Protein chains: 2
Amino acid sequence: MGEQDPRRRTMTRRRLLGSSAAAVGAVGAGAGIYGVADSAERTEAVTGTETVAWDGPRQAGIATAPPQAHAIFVGLDLLPKVGAAELTGIMKVWTADIARLTQGRPALADTEPELAAAPARLTVTVGYGPGVFVALDRPEVAPPLPAFAIDRLDPAYTGADLALQVCADDPVTVAHAVRVLVKNVRSLVTVRWMQRGFRRARGAETPGTTMRNLMGQVDGTTNPEAGTADFDSLVWDDGTDRPWMREGTTMVLRRIRIELDTWDELDRPGRELSVGRTLSTGAPLTGAYESDEPDFSATDRNGIPVIPPSAHIARARHTHAGERIFRRVYNYDDPPAPGQVSNSGLLFVSFQRDITTQFLPIQRRLDEFDALNEWTTPVGSAVFVIPPGVGSGSYIGEGLFGR
Amino acid sequence: MGEQDPRRRTMTRRRLLGSSAAAVGAVGAGAGIYGVADSAERTEAVTGTETVAWDGPRQAGIATAPPQAHAIFVGLDLLPKVGAAELTGIMKVWTADIARLTQGRPALADTEPELAAAPARLTVTVGYGPGVFVALDRPEVAPPLPAFAIDRLDPAYTGADLALQVCADDPVTVAHAVRVLVKNVRSLVTVRWMQRGFRRARGAETPGTTMRNLMGQVDGTTNPEAGTADFDSLVWDDGTDRPWMREGTTMVLRRIRIELDTWDELDRPGRELSVGRTLSTGAPLTGAYESDEPDFSATDRNGIPVIPPSAHIARARHTHAGERIFRRVYNYDDPPAPGQVSNSGLLFVSFQRDITTQFLPIQRRLDEFDALNEWTTPVGSAVFVIPPGVGSGSYIGEGLFGR
């Protein structure tokens, strides 16, 4: 039986034609470039087959552009027995898993290998929280953030010894990678939190336009552009203070709840004055296009500033070029608490060479005053050192642990 | 300033060239058909711009194929004051919102209109739980499911008076639609649950191949094919018993937790015997291809059945052609409970003309025995009547409420 199955004949013909999948391995990553990968066994569209290099001087998932559609941020705590030797073990396991999964290959001893088949630009970024440096007896390297008056932090979303930022354009790929990475080190860590974020689907973005958050605002304007010298100097450590941090960076992850119910009661002019931008275009109130520089000195005919000094963009504005950060944010939208309609917000994620000189001055200004604070509440906060990248024969954090 | 902005000149040139977006409004929905929509203001890839008709004799989101990548299922309870008049009001509001949002237009009084711009095959399917028919004094129309021995139901995921199945290929689109639909009727309902599900991203599916769940199995083989007479007779009500149900159907939503930790301890032969299929291909153990008919009478040389009688596919197998259902399942993957690594499973969703004669016999056999039961636990369950579709000038459920 089955020899008469026309589909089976098709499969055989495809096999005879040979696999052209290898040629499709490296495809253009630009928006709007689509095609069909023909393999011996099946046909896949390109969103699933795109890959991002796992190795190199810097970790992936930071300059990777555009940011992938889906992310899970995992915060892990070390069990008391974990020291430098066990951390090295975790890093070796993760490095091997990351090298395989990001390239569409099953992890070692992967119990669901078929789920690894669509890398979908998977990246995994590993970070070290204050607890790692306490375990290494070097707590001064990565102190936790100071407290801010606006914070209403839930311990369930705050702090962690280790972080994984797992991003891909496919949510099954992200779920599988997180499962593999966490279960393979479960004898040494516990899960403190998992936070799921999303942006527009791959193929549904508006190229060249900044993502909108669930308040409807563009979120990420004036970001330094990946690959430029400006970006590099703002994000990557040059190793001057600590040689093992060369090409590393730091990550701030803050969970910002949006009070959508009261935000929705505010009219559009009120919203635009709070943000300092026109909602429809994202342009500053003094300009016509999103990329226009805001003019904070402009006044209307009554002498009133066009952009209120309390507007978010006025408060968040850097006071000098070195004070900037790179934002790579995700939306979150979780089931609401009883009696509520929504539980939505922003996973604010920023990368910067130095938290103290780049992130903190901005955050202190927003803490002091920001018109948007009425509709946003920080409910989680964590900081991590992102060590440099890795190559074949080495492992993540080798420069820190391997001495 | 700004007149020298080269990008601004580009925008103006685009405006002068005029909008060709309208011509791209109706695009091929088949897998692998991609393109770029050029509009006056921006360029979008097709995943965001595809639309599904909101009107017609049957509700969308059932025969819509392939199933969209993202879904949120919302269970709502009616406040005590709600009767037929208020239900009619809810249906009119939802019908107007659905007509606009699914076509990429902001809802009436949409407070975040920019988030409606990417319909991404958005569909909204409305269902009526037992509570609606109690409110109408007709409880016999939609009784709840009987209890099953395998069930460990959490009230937080069980039952509901009204259901929304909101599906799209973009997670921002889904979040925005759910927010709009729920908040616009919040004076009449409370949220009982929201359950988020996902499949492979649009463009990362393997066309012609069934989705894999997070156990790594293909899930949905032998499904009747949308658009065939077979599908139509299994899914759509012919109105014989209740004229207002003509072209309606019923939906079963069961939240099935996967015990991934113990499942991962089982070797591949053990998994394949539990399911009755080869994991890599999805073929029955008696066949070579996923679509091969399983041969439950085949034995090995020792006379032992190749597919164990306790295997999932043997127990789930229909005993006659009319006993089949249409499955449209989603994965879920939520943050784990303290001390756990995963909280994953399946949002089992089935549509069938008659729950009693199609769904229940299958479910009773699985409840009695199914080798997979050791690794799966139903933790939520709800049933809904899906009323027929709607056109301009009418509203969802008009045949039921409008008399």
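These numbers were taken from a predicted model, which means no experiment stands behind them. Proteins get letters first, then strands, A, B, ... in listed order; numbering begins at 1 in each.
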Worksheet entry | Charged N-O contact under 4.0 Å between R179(A) and D264(B) | yes
Worksheet, complete the sentence: Heavy-atom nearest pair, L115(B) first then R212(A), reads CD2-CB, 3.9 Å
Response to the item:
Nearest heavy-atom contact between R200(B) and T173(A) is NH1-OG1, 2.8 Å
Worksheet entry | Under 4.5 Å from a heavy atom of chain A, the part of Q217(B) involved | neither
Item to complete: Would you mind checking which part of A120(A) comes under 4.5 Å of any heavy atom in chain B, side chain (CB onward), backbone (N, CA, C, O), both or neither?
Response: neither
Worksheet item: What closest approach, in Å, do M194(A) and V341(B) show between heavy atoms, and which atom pair accounts for it?
Response: CE-O, 3.5 Å
Discussion item. Counting only non-hydrogen atoms closer than 4.5 Å, does S280(A) touch chain B with its backbone (N, CA, C, O), its side chain (CB onward), both, or neither?
Written reply: both
Worksheet item: Which answer fits D333(A), side chain, backbone, both or neither, if we ask what part of it has an atom under 4.5 Å from a heavy atom of chain B?
Response: both
Fill in: Passing option when V191(A) is tested against P336(B), S342(B), P338(B) for side chain to side chain contact (heavy atoms under 4.5 Å, CB included)
P336(B)
Practice prompt. Could you tell me which non-hydrogen atom of P171(A) sits nearest to which non-hydrogen atom of H70(B), and how far apart they are?
Written response: CG-CE1, 3.9 Å
Item to complete: Could you look at I72(A) and say if it's the side chain, the backbone, both or neither that has a heavy atom under 4.5 Å from chain B?
Response: side chain
Worksheet entry | Interface moiety of N213(B) toward chain A, non-hydrogen atoms closer than 4.5 Å | backbone
Worksheet entry | W193(A) versus chain B, the contacting section by heavy-atom distance below 4.5 Å | neither
Fill in: Non-hydrogen atoms of T47(A) and A204(B) that approach each other most closely
CB-N, 4.2 Å
Practice prompt. Below 4.5 Å from any heavy atom of chain B, which atoms of M211(A) appear? Answer side chain, backbone, both or neither.
Written response: neither
Discussion item. Looking at every heavy atom in both R186(B) and D261(A), which two are closest together, and how far apart are they?
Written reply: NH1-OD1, 3.1 Å
Fill in: Structural part of E265(A) lying under 4.5 Å from a heavy atom of chain B
neither
Worksheet item: T111(B) and R268(A): side-chain donor and acceptor closer than 3.5 Å?
Response: no
Worksheet item: Where on D110(A) is there a heavy atom nearer than 4.5 Å to chain B: the side chain, the backbone, both, or neither?
Response: neither
